[in-house]
There are 2 protein chains.
Amino acid sequence: MDPHPSTKPPKIVDVAKRAGVSLSTVSRVMNQNPTVDPVLAARVRKAAKALNYHASPLARSLVLGRTQTVSVVVPDLGNPTFQAILRGLSRAAKRQGYHVLIADSAEAVAEEGVLAVESRRRSDGLVLCAPRMEQSELDALLPSLEPVVLVNRESSAGVPTVAADYRSALRELGEHLYGLGHRRFVFLSGVPGSASNRNRLVAVDEFRRAHEDVDVQALECGVGFEDGAVAVDAVLDSGATAALAYNDLVAMGLLSAVTERGLRVPDDLSIVGFDDIPFTKYTNPPLTTSSVPAEDIGEQAWVEMSSLLAGNSARHPVYFRPRLVVRASTAPVQGAEKAAAPMVEHPLG
Amino acid sequence: MDPHPSTKPPKIVDVAKRAGVSLSTVSRVMNQNPTVDPVLAARVRKAAKALNYHASPLARSLVLGRTQTVSVVVPDLGNPTFQAILRGLSRAAKRQGYHVLIADSAEAVAEEGVLAVESRRRSDGLVLCAPRMEQSELDALLPSLEPVVLVNRESSAGVPTVAADYRSALRELGEHLYGLGHRRFVFLSGVPGSASNRNRLVAVDEFRRAHEDVDVQALECGVGFEDGAVAVDAVLDSGATAALAYNDLVAMGLLSAVTERGLRVPDDLSIVGFDDIPFTKYTNPPLTTSSVPAEDIGEQAWVEMSSLLAGNSARHPVYFRPRLVVRASTAPVQGAEKAAAPMVEHPLG
DNA sequence: CTGAAAGCGCTAACAA
DNA sequence: TTGTTAGCGCTTTCAG
C-alpha cells in the first residue's frame, strides 16, 4: 500500500531515549556544544549513529530563523553565461555549507517579481541575475527582498552589485574594429528595454561620439542563436563591414547564417561576440569576443551575499573588466587594404 | 545598526488580529478552505493584503511534512547536457508549483553520497543525474533516498530511470562511419569506471563483434574539451581514420587540436560526438553527432518524480532514443575513395 | 461556520 | 553539566 515503505526517519527524542538522556543533551551533542560530559556525548553519538539520525533541517530552520539556503533567479537556465555564474556561485556557497535554490524565469518578465519573492521566502538571501524588469519595479521590489545581491544590474545603494563592465568592454570591441579600419557598424541589440541592453547602447553612443567618421546602426535583435541568424538580412543590407553582436550566441547565429549565404567571415564581414562562452573558440572561424569571467562573477556574488548574511552592510559595486579576445572573426576591412570593389550582392563598403 | 532594517514579516496572528478573527480562520482562508463565511473570508483577505502577509513556507513545510521542493544532484553544472536536463526539469517542476534545489558534486565521486542525502532531506524527492558512484554504493544508498529518480543510470526496480539509449546510439554512430568505409576506429572513453562509460564500452564491443573487419581501440580520455584536445596525439598515433568521442565536448576539443596540427577534418580524420549540444552546428566543420533530447529527459524525470510524489510506485524505465545527426565532420575514408598514400606525419590509413 | 489547543522537530533560555 | 519548558509559524483535529 505504502509507496514509500521506509520507516519514518528518527527524531531527536528517539535518540534521547536510546541514549538515556534528555533531548536537549542530544541537541547539544549534535551541535558540538562543548558543555557536555564526554561520556554522555559518546553515548549520544553512538545512539545517533545506530539510528542513523540526522536533525531535520526544516525544524532547525524554523527555530533558528535561517535555512542555510540562498536562492538564485536567472532569466534563462539555458544561457551559458548564467550557467557559469550559477556554477561559480553554487560551488562557493557549498564550500560554506549553503545550499542553492534556483528559479528560472524563462525570460518571462512579468513572472520575475513573484518568483523572486517566493524564492526569497524559502531561503536566507537572494541573488538576482540580470533581472529583466524595469528599474522602477526593481527598485521598489528590492527592499522586501533583502539581503539581496544584484548581478549585472544596479539599484540604489544598499544592495550590492557584481557585474561585468559591459560598457568599457563594448568600447574596446569597437576600438578593435576601428583599428582594423572599419567605419560602418551594426550593433545587434538584445531585449529592448532591458538594462543590459541599455548599458550596451550607451557604450555604442560613446563609441559613436568618440569617432566622427563612424556610423553605427543599432538593430533590434535578441539574445539567442536564432535571433542572430534571423538578423542576417538586415545586417547585410545595412552595408556595415562589422557587426557587434549582443552576445556570443547572437554572434554565432549570425556567423552561421552569413556563412550559409555564401559569404565569408571575416573577409566579407567582421563579427564580434560578447561573453567568451566556452564554445567561441570552436566556431568557424573562431570568434573574436570579450571575455567575461562569469564564474568569477558568480563566486563574487556569493562573497557579497556571505558578507550580507554575516550582518555587514552592502559594499561598493564590483565590476569585472572583460578582456578583449581577438580570434579570427575580425580582420581589416576589405576596402581599406585592397581598395577592391565589393564582390557580393550586398556591397559591404 | 541593524543591517536589514525591514520589519519582520507579518505572521498569521497579525492577520488574525487585524481581521478580528482567530488564526485558524486565517489559515482556512489562505488555504482556500471553502467552509468559511464569505464575509469573514473577504475581511481576512483584505487584512492579509494590507499586511502583505504570506504564510511561512518553512512552518507550513514542517507541519505538512512536505517542502514543495525537489533536489537535483548533477556531477557538473558546467556540462551543457546537465544544464539542459536541469532546465527541462526545473521548468516542468515550476509548472506544478515545485521548487528546485541544486547540488553540484563537481565530479567529486566521494562527495556524491552525502550531497545526495543532505539535499534529499531538504526536499520531497531527489533526482540523481548520472551519478558517478559505484553501482553497489548506489544500490545501497537509494532506498534511503526515496522518492528518487535516476537519470542516465539504472538500479534495482523500485526506482524509476529516465535515460538516453547511449548503446544503440553509439552503435548507430559506428554504423554510420562503417558505411563510409571506415574500419579503424578510436573510442575516446569518459571517466573510467563510470556507468555511462561502461555503457558506451558495451556498445563499442557490440560494434566490434558485428563487424569482423573492424578495429576499434578504446583510449582513456575524459569528458571535457581539454581531455579531447590532450588525446590528439594518441588518436593520431593509433592509425584510426575515425574517432568516436565520449561526448561533444571531447569531440570539439579533439577537432580543435587536430586542426591545429594542420590536419583536416573530415579529410584526414572523421570525428563524431555525442549529445548534440547547441554548439555542435557551429564548429568547424559542424559536428556529426547523436542528438540526445536532454531537456526532454529533464522534463520526463519530473514526470516520474511527480508520479512518485503522488504515491504511485515506480514505472518502467524510460529510454529516449538519440537520433543520428550527420553534419560535416564525417566523410568517406580517404583510402577507400582515393587509394592515396597518407600525406601526413601520422599515417591514418 | 469558527475558535481553542495540540502538535510538526528542533533550539535555547532557564532551572536544577 | 543536564533536564524542563517555551516557543519558531503554521495546520488540523476537536469542540462549540
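Chain letters run A, B, ... following the sequence lines, proteins first, then strands; residues in each count from 1.
- Closest contact between the side chain of V63(B) and the listed nucleotides dT11(D), dC1(C), dG9(C) involves dT11(D).
- What separates NE2 of H54(B) from P of dG9(D) is a distance of 16 Å, to the nearest Å.
- Minimum interatomic distance between S155(B) and D139(B) (heavy atoms only, all atoms of both residues): OG-OD1, 2.6 Å.
- Regarding contacts with the backbone of dG3(C), a side-chain N or O of S22(B) is found under 4.0 angstrom from either OP1 or OP2.
- Residues N79(A) and V74(A) have side chains not in contact (no heavy-atom distance under 4.5 Å, counting atoms from C-beta outward).
- Taking the side chain of T35(B) as heavy atoms from C-beta on, and the options dC1(C), dC10(C), dT2(D), the nearest nucleotide is dC1(C).
- At a threshold of 4.0 Å, the pair K94(B)-E111(A) counts as salt-bridged, since one of the basic side-chain nitrogens sits closer than that to a carboxylate oxygen.
- Using a 4.0 Å heavy-atom cutoff across all strands shown, V13(B) reaches no nucleic acid atom at all.
- Per the geometry, CD1 belonging to I12(B) stands 18 Å off P belonging to dG7(D), to the nearest Å.
- If one axis is set at each end of the helix from dC1(C)-dG16(D) to dA16(C)-dT1(D) from five pairs, those axes are 50° apart, to 10°.
- Side-chain contact check for S71(A) and S123(A): at least one donor-acceptor pair (N or O, by modelled atom type) lies under 3.5 Å.
- A donor-acceptor contact closer than 3.5 angstrom links the side chains of N312(A) and S307(A).
- Rounding to whole angstrom units, CZ of residue R66(A) and P of dG9(D) are separated by 15 Å.
- Contact annotation: R60(A) reaches the phosphate of dT11(C) (side-chain N/O to OP1 or OP2, under 4.0 Å).
- Between the C1' atom of dC10(D) and the CG atom of L58(B) lies a distance of 10 Å, rounded to the nearest Å.
- Taken to the nearest 0.5 Å, the CD atom of E304(A) stands 4.0 Å off from the CZ atom of R315(A).
- Between D37(B) and R28(A), the one whose closest nucleotide on DNA chain C sits nearer the 5' end is D37(B).
- Which of dG9(D), dC10(C), dT12(D) sits closest to the side chain of S24(B) comes down to dT12(D).
- Between S27(B) and dT11(D), a side-chain N or O to OP1/OP2 separation shorter than 4.0 Å is present.
- Atom P of nucleotide dG7(C) and atom CG of L62(A) are separated by 17 Å, given to the nearest angstrom.
- With a 6.0 Å radius and a threshold of 12 heavy atoms from other residues, nucleotides or ligands, K17(A) has its NZ atom at or below the threshold.
- Judged by distance alone, the side chain of D14(B) and the main-chain N or O of K11(B) form a donor-acceptor pair under 3.5 Å.
- For the pair L64(B) and V36(B), nearest-nucleotide mapping onto DNA chain C gives the more 5' position to V36(B).
- Between the CG atom of L40(A) and the P atom of dT2(D) there is a distance of 4 Å, given to the nearest Å.
- In terms of phosphate contacts, T25(A) brings a side-chain nitrogen or oxygen within less than 4.0 Å of OP1 or OP2 of dG3(D).
- Spacing between atom NZ of K8(A) and atom C1' of dC8(C) amounts to 11 Å, rounded to whole angstrom units.
- Set against dG3(C), dT11(C), dT11(D), the side chain of N31(A) has dT11(C) as its closest nucleotide.
- Going from atom CG of N33(A) over to atom C1' of dA13(C) covers 13 Å, rounded to whole Å.
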